[in-house]
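Below, read A as the first sequence line, B as the second, and so on, with proteins coming before strands; counting in each chain starts at 1.
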There are 2 protein chains.
Amino acid sequence: MGARNRPSSEPRVPLSRERVLRAAVAIADEGGVRALTMRRLAEQVGAEAMSLYHHVANKEDVLDGTVDLLIGEINEVVDRFDPPAEPADWKKAVRRRVLAAREILLRHRWAPALFETRSAVSPQVLRYHDGLIGLMRAGGFSHDLCHHALHALGSRALGFAQELFDPSGAGGGEESVAELEAMAERFPHLVGMLAEVAHDDPDSTLGWCDDQAEFEFGLDIILDGLDRLREAG
Amino acid sequence: MGARNRPSSEPRVPLSRERVLRAAVAIADEGGVRALTMRRLAEQVGAEAMSLYHHVANKEDVLDGTVDLLIGEINEVVDRFDPPAEPADWKKAVRRRVLAAREILLRHRWAPALFETRSAVSPQVLRYHDGLIGLMRAGGFSHDLCHHALHALGSRALGFAQELFDPSGAGGGEESVAELEAMAERFPHLVGMLAEVAHDDPDSTLGWCDDQAEFEFGLDIILDGLDRLREAG
DNA sequence: ACCTGAACACCGTTCAAGT
DNA sequence: ACCTGAACACCGTTCAAGT
């Protein structure tokens, strides 16, 4: 669209891997990963689709690259954080890093799903986890416990968790209230839980949970559990 | 392939949604989700691609259906489990269910990644979680804590967790040992941890972790944390 | 009711040719 | 060195036509 009307004042910006990847993120932000095609990507940077192949190996490389780019953004933010004042503050420091990562990824909703599909090890992901280990080591973790900790946290370390019930999917609208009664026979415990949770908070149904609060709840359970193991030695 | 040589003795099995979905699982088992195309699926059931559309709405429906089918398998298994002998055994019961689910999903490595992309609520997923809530309620959980618990568990409830470092990816081979030294400067904590973990278990590098043990470690941290919250009331 | 062939509008990617 | 048009081998899906 905007590729044609380039003012003659600014010279034609040459293509580069960086520029291609930033364009890829912009496209996915607007229309999801499905909208991210090589042809659309070329259009975004004002070139032909085949020109992209001089700067990225193929589409897989583009996807790997966008992941790396986003985690790079996260690293830029968390690297600026002050180190914890005392060793016992490791938990506070890790928590802050994870929530900062989450804040950035929340601006790129398509990214978490993409992570799962990437098998290439992203240097930026390595750097992020290296920082986490550093905090835990300073807080008194053994290398072995660090290792377990990374596995236990999994994708939560980067600020996201797989939501099996999508808020945007079916089940959050008004009709679901009526449907709930019909479902009560098949899923008594689930409907019972929802009825009570919804009673406490009228806005809350399965699709209307407070994602942020629930994420922090799960994160804290894990961090507290790790802290207890660290104390036990 | 095998669609042509149908012995005349057995009559032509008519197409059905169930048969299509089972074929879809078989294809994904063999070649991953990428191999699962409508044309390949048609071939597998011995029909033309367009015939599929009389039994499934579209490809999205096929993907939703395979997820539902797999969780259905899980439900069949866990529904046969005996209820816990005493209320305090809720944790043992939940643990057993989760590990049973994991056992089944490990036979379909492509499934977890697919889950993340599904927004439709699968009836079988609802049924599975309904059962989990039932166990927790019997164990003394409030509805509110059940709700938090499901969020905290996330995909772990179904027996999988996002592995950010893929064992099959780069980093597990012999060359990685040499690479580790070069990486030591950039990722000192990570390399330090790996060096020590590898010392304890020579086979173990970042790509060679004991997935099952690490999954259970994370699961137990969460279950223990929930138990503590339940006791606290 | 169920199945099919041809066709449409897309993909990612290769190749030979341009500057 | 960087970019491009045409072309290839695929996709999912629609449509009109068959039994």
Query - Protein-nucleotide distance (B:Asp61, atom CG; D:dG12, atom P), rounded to Å - result: 14 Å
Query - Check: A:Ala157 main-chain N/O paired with A:Tyr128 side-chain donor or acceptor under 3.5 Å - result: yes
Requested in this report: Find the distance A:His54:NE2 to C:dG12:C1' and express it as a whole number of Å.
Outcome: 16 Å
Query raised in the report: B:Met38 has an atom CE; how far is it from atom C1' of C:dA7, in whole Å?
Result: 17 Å
Report task. Ignoring backbone atoms, test whether A:Ser51 places a side-chain nitrogen or oxygen under 4.0 Å from the OP1 or OP2 oxygen of D:dC2. Result -> no
Query raised in the report: So what does B:Met50 hit on the nucleic acid, given a heavy-atom distance under 4.0 Å: a base, only sugar-phosphate, or nothing?
Result: base
Query - Spacing of B:Leu41 atom CG relative to C:dC3 atom P, expressed in whole Å - result: 13 Å
Query raised in the report: Counting only heavy atoms not in A:Gln212, do more than 12 fall under 6.0 Å of its CD?
Result: yes
**Report entry** Exceeds 12 heavy-atom contacts within 6.0 angstrom, atom CZ of A:Arg22
**Finding:** no
Query raised in the report: Has A:His55 got a side-chain N or O lying under 4.0 Å from the OP1 or OP2 atom of D:dC2?
Result: no
Query - A:His148 and B:Phe217 aromatic ring geometry - parallel, tilted or perpendicular at 30°/60° bounds - result: parallel
Requested in this report: Treat a base pair as Watson-Crick or G-U wobble with both distances under 3.5 Å, then lay out DNA chain D in dot-bracket form, 5' to 3', with | for cross-strand pairs.
Outcome: ||.|||||...|||||.||
Report task. Describe the nucleic acid contact of A:Thr37 in one word from base, sugar-phosphate, nothing, applying a heavy-atom distance below 4.0 Å. Result -> sugar-phosphate
Query raised in the report: Whole-Å distance between D:dC3 P and A:Arg17 CZ?
Result: 15 Å
Query raised in the report: Looking only at heavy atoms, what is the nearest atom pair of A:Phe81 and A:Arg96, with distance?
Result: CB-NH2, 3.4 Å
Query raised in the report: What pair of heavy atoms forms the shortest contact from B:Ala23 to B:Val45, and how long is it?
Result: CB-CG1, 3.5 Å
Query raised in the report: Just to confirm, is there a sub-4.0 Å distance from OP1 or OP2 of C:dT13 to any side-chain nitrogen or oxygen of A:Tyr53?
Result: yes
Query raised in the report: Atom CD of A:Glu48 and atom C1' of C:dT19: how far apart are they, to the nearest Å?
Result: 15 Å
**Report entry** Donor-acceptor contact present, side-chain B:His151 to main-chain B:His147, <3.5 Å
**Finding:** no
**Report entry** Residue mapping more 5' on DNA chain D - nearest nucleotide basis, A:Leu52 or A:Arg39
**Finding:** A:Leu52
